Protein chains: 2
Amino acid sequence: MGVTKALVFTEEQYRIAELAKALAHPARIAIIQHLLKEKSCVCGDLVEVLPLAQATVSQHLKELKQIGLIKGEINPPRVCYCINEPVWEEAKSAFGAIFQNDISGNCCN
Amino acid sequence: MGVTKALVFTEEQYRIAELAKALAHPARIAIIQHLLKEKSCVCGDLVEVLPLAQATVSQHLKELKQIGLIKGEINPPRVCYCINEPVWEEAKSAFGAIFQNDISGNCCN
DNA sequence: ATTATTCATCGTATTATTGCAATGAATAAT
DNA sequence: ATTATTCATTGCAATAATACGATGAATAAT
């Protein structure tokens, strides 16, 4: 049955998984793409772009903020969102590190 | 409250989210990393590398296979796993398309 | 034939995610 | 002061993900 080792995952593995999870919903992809497309901060017109209720959009924004991929600047009465550069670069290199691997040497490729 | 538009997400958004979800667990990151590290096919010694029961590892492998990121070749009595090139390249360019964006022009960066 | 090995699948319990209506907080407009 | 706007948060309900023991299927070894 195979021995279950008492090994836990590495910090890196948890972090990549966490970042991936933040991207693991079409609404959050749509939010990110919208923020990337508008080259400046987006002031909460996201609800009109998405087929979701305001509360739901707010939840997705919260998740993206929590992980650090985006940030929201309060600019009453609106809140302006944009990509948060440091974490964005972290994610970029994390995914880059995985996908830059050379897989051509595999016996089955 | 903002008008809820009758818009559904694009195929691309669903696909990226789906691929991200496949990477959204440390065990699956560990599996992928292990397959990348071993330059050839890995014959099911994954259970010994992971702190999880065999059934759980099998589940994670199933998910990765379902999405197409890996493939398993039956080589009785073992099953050999490796990265599945076509989908791997698809994921690589999907994430690349997102992370290659220039965010330096944002008003808040 | 019997037993061992390897891996998948089923059943099930636990926990996490998703979605939205309702409400709250804070400011702007009248 | 009252009302409208903007966005966050709370409180459910429905669904999905996670984990693992138990079992099954298929082959190899004895």
Side-chain angles (χ1 to χ4, degrees), chain A residues 1-9 13-14 17-32 34-35 41-67 69-82, chain B residues 1-9 13-14 16-31 34-35 41-67 69-82:
Chain A
M1 191 165 64
V3 183
T4 300
K5 281 212 184 155
L7 214 167
V8 185
F9 303 108
Q13 286 161 347
Y14 280 114
E18 209 172 40
L19 288 166
K21 188 178 287 183
L23 299 177
H25 195 287
R28 295 195 288 272
I29 295 294
I31 289 171
I32 297 263
H34 196 252
L35 294 183
C41 289
V42 169
C43 293
D45 51 350
L46 286 160
V47 175
E48 293 170 25
V49 181
L50 302 174
L52 297 171
Q54 179 267 327
T56 308
V57 173
S58 190
Q59 286 272 104
H60 286 300
L61 288 169
K62 186 183 174 184
E63 273 186 70
L64 288 171
K65 268 190 286 185
Q66 233 156 32
I67 206 83
L69 281 173
I70 70 171
K71 60 182 173 182
E73 267 178 25
I74 296 165
N75 200 350
R78 291 156 188 273
V79 177
C80 290
Y81 297 100
C82 63
Chain B
M1 192 166 64
V3 183
T4 300
K5 283 210 185 160
L7 215 169
V8 185
F9 302 109
Q13 286 161 347
Y14 280 114
I16 298 177
E18 210 172 38
L19 288 166
K21 189 178 287 182
L23 300 177
H25 194 288
R28 294 195 289 271
I29 295 294
I31 289 172
H34 195 252
L35 294 183
C41 289
V42 169
C43 291
D45 50 350
L46 286 159
V47 174
E48 292 169 27
V49 181
L50 301 174
L52 297 171
Q54 179 267 327
T56 308
V57 173
S58 190
Q59 287 270 105
H60 286 299
L61 288 169
K62 184 182 175 186
E63 273 187 68
L64 289 170
K65 267 188 286 182
Q66 233 156 32
I67 205 84
L69 281 172
I70 71 172
K71 61 182 174 181
E73 267 179 25
I74 296 166
N75 201 347
R78 292 156 187 274
V79 177
C80 290
Y81 297 100
C82 62

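Computed from a prediction, not measured in an experiment: that's the story for all the values here. In the text below, chain A, chain B and the rest are named by the order of the sequence lines, each starting its count at 1.
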task: Whole angstrom is fine here: how far is it from CD in B/Glu63 over to C1' in C/dT9?
output: 14 Å

query: Residues in side chain to side chain contact (heavy atoms under 4.5 Å, CB included) with B/Ser58, at least two apart?
result: B/Gln54

statement: In whole angstroms, the gap separating P of D/dT9 from NE2 of A/His60 amounts to 15 Å

- prompt: Please, what dot-bracket string fits DNA chain D when only Watson-Crick and G-U pairs with both distances under 3.5 Å count, crossing ones use [ ] and pairs to another strand use |?
  reply: ||||||||||||||||||||||||||||||

query: From the list D/dC20, D/dA19, C/dC20, which nucleotide is the closest neighbour of the side chain of B/Ala55?
result: D/dC20

field: A/Tyr14 vs B/Ile29 side-chain heavy atoms within contact, under 4.5 Å
entry: no

- request: Please state whether the phosphate of D/dT18, meaning OP1 or OP2, lies under 4.0 angstrom from any side-chain nitrogen or oxygen of B/Arg28.
  value: yes

- prompt: Taking atom P of C/dT18 as reference, at what distance in whole Å does atom NZ of B/Lys21 sit?
  reply: 7 Å

query: Of the candidate nucleotides C/dC20, D/dC7, C/dT9, which contains the atom at the shortest distance from the side chain of A/Val79?
result: D/dC7

- prompt: Are OP1 or OP2 of C/dA8 and a side-chain N or O of B/Tyr81 less than 4.0 angstrom apart?
  reply: yes

message: Is it the case that the side chain of B/Arg28 and the backbone of B/Lys21 share a donor-acceptor pair, with hydrogens and angles ignored and the cut-off at 3.5 Å?
response: yes

query: Between the base of C/dA8 and the side chain of B/Gln54, is there any donor-acceptor pair under 3.5 Å?
result: yes

query: A/Leu52 has an atom CG; how far is it from atom C1' of C/dT17, in whole Å?
result: 14 Å

- prompt: Is there side-chain contact between A/Leu23 and B/Leu19, with at least one heavy-atom pair below 4.5 Å?
  reply: no

- request: Send over the distance from A/Leu50 CG to C/dT18 P, rounded to a whole Å.
  value: 14 Å

- prompt: Do the side chains of B/His34 and B/Val42 get nearer than 4.5 Å, heavy atoms only?
  reply: yes

- prompt: Rounded to whole angstrom units, what separation is found between the NZ atom of A/Lys62 and the C1' atom of C/dA16?
  reply: 14 Å

statement: Between CD1 of B/Ile67 and P of D/dA17 the distance, given in whole Å, is 11 Å

message: I want to verify a distance call: between C/dC7, C/dC20, D/dC20, whose nearest atom is closest to the A/Thr56 side chain?
response: C/dC20

field: Full working for side-chain contact (heavy atoms from CB on, under 4.5 Å) between A/Ile31 and A/Tyr81
entry: CA-CA 10 Å; A/Ile31 289 171; A/Tyr81 297 100; over 6 Å; no

- prompt: So what does A/Gln59 hit on the nucleic acid, given a heavy-atom distance under 4.0 Å: a base, only sugar-phosphate, or nothing?
  reply: base

- prompt: In whole angstroms, how far is the P atom of D/dT6 from the CG atom of A/Asp45?
  reply: 11 Å

- prompt: Heavy atoms, side chains only, cut-off 4.5 Å: are B/Lys71 and B/Lys65 in contact?
  reply: no

query: Nearest of C/dA21, D/dG21, C/dT17 to any side-chain atom of A/Ala53?
result: C/dA21

- prompt: Under 4.0 Å between a side-chain N or O of A/Ser58 and OP1 or OP2 of D/dC7?
  reply: no

